[in-house]
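Structure first, then comments.
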Amino acid sequence: PAAGSGFGPAVRRRLAQTVQERLDVGLRPAELAEAVGMSPVSFARAFRRAFGCSARRWLADQRLRSAAQRLVHGGEPVGEVAAQAGFANPSQFARRFRTLFGLSPAEYRLQHAGGG
């Protein structure tokens with residue numbers, strides 16, 4: 001199959017809508033599969049073809065991207081942002097955040113404050 005195949009436009013829209021509505025409430029890959037009417041196994045294969053990673057990894061990255069926006073535009077402490085993003089352990093949040101963005105959450109906040 002061609003790169004990026006696995007989901008048609010309608011399925012991608014439904015995935016985007018589900019993620020937007022439920023990302024911060026502990027959304028799991030099985031729930032995404034259900035939302036688009038696929039078995040978890042078929043969904044996992046199609047998701048990996050479409051996005052190049054597992055749905056679990058992709059969801060975690062989306063939560064981190066959402067947290068990055070809260071760090072820049074909100075005033076909550078980093079620990080609270082971590083909890084809102086679904087990370088019970090702030091140090092785990094900081095490690096994953098650094099892996100994705102190359103900066104600690106506090107460094108990211110400082111660097112991007114004021115649109116920078």
Side-chain angles (χ1 to χ4, degrees):
S5 66
F7 296 124
V11 171
R12 284 180 177 264
R13 278 192 300 275
R14 182 67 185 133
L15 282 172
Q17 179 184 355
T18 301
V19 168
Q20 182 178 355
E21 292 170 354
R22 302 189 47 218
L23 181 63
D24 290 335
V25 294
L27 186 60
R28 295 174 311 175
E31 293 167 309
L32 286 177
E34 183 178 329
V36 298
M38 295 177 77
S39 75
V41 172
S42 295
F43 177 80
R45 276 193 294 256
F47 195 96
R48 190 170 289 281
R49 278 196 308 272
F51 293 96
C53 65
S54 72
R56 181 178 308 278
R57 173 65 177 260
W58 185 85
L59 283 168
D61 287 353
Q62 297 311 303
R63 286 194 307 271
L64 287 166
R65 286 184 172 87
S66 178
Q69 291 302 306
R70 284 196 301 274
L71 286 168
V72 173
H73 300 292
E76 302 98 346
V78 171
E80 188 173 323
V81 172
Q84 290 170 356
F87 290 84
N89 181 333
S91 63
Q92 179 190 25
F93 170 74
R95 279 192 305 275
R96 289 294 315 278
F97 195 96
R98 184 180 291 279
T99 298
L100 186 61
F101 294 105
L103 299 167
S104 74
E107 292 167 338
Y108 187 93
R109 175 178 268 166
L110 288 172
Q111 190 174 80
H112 292 86

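- A pairwise comparison of heavy atoms in F97 and L103 identifies CD2-O, 3.3 Å as the closest pair.
- Taking CG of L100 as the reference point, atom CZ of R96 lies at 7.5 Å (rounded to 0.5 Å).
- Across every non-hydrogen atom of A82 and P90, the tightest pair is CB-CA, 4.4 Å.
- A distance of 4.5 Å separates CG of L27 from CG of L32, quoted to the nearest 0.5 Å.
- Scanning both residues, P105 and V78, for their nearest heavy atoms gives CB-CG1, 3.7 Å.
- Both tests do not hold together for R56 against F47: distance to the six-membered ring centre under 6.0 Å, angle to the ring axis within 45°.
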Step-by-step side chain to side chain donor-acceptor pair (under 3.5 Å) determination, E21 to Q17
CA-CA 6 Å; E21 292 170 354; Q17 179 184 355; 3.0 Å; yes
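- When the side chain to side chain contact (heavy atoms under 4.5 Å, CB included) test is applied to A33, the partners found at least two apart in sequence or on another chain are F43.
- Nearest heavy-atom pair across F7 and R12 is O-NE, 3.7 Å.
- The side-chain hydrogen bond (donor to acceptor under 3.5 Å, both in side chains) analysis of residues 34-44, with sequence neighbours excluded, yields the pairs S39-S42.
- Using modelled atom types, one side-chain atom of E107 and one backbone atom of S104 make a donor-acceptor pair closer than 3.5 Å.
- Residue L59 holds its CG atom at 10.5 Å from CZ of R22, rounded to the nearest 0.5 Å.
- Between Y108 and H112, the angle of the ring planes stays under 30°, which puts this pair in the parallel group of the 30/60° scheme.
- Here the closest non-hydrogen pair linking L64 and F101 is O-CE1, 3.8 Å.
- Around the CZ atom of R65, the shell of radius 6.0 Å holds more than 12 heavy atoms that belong to other residues, nucleotides or ligands.
- Counting only N and O atoms by type, the side chains of R70 and S66 include a donor and acceptor under 3.5 Å apart.
- Side-chain contact between W58 and R48: absent, with no pair of heavy atoms (C-beta onward) separated by less than 4.5 Å.
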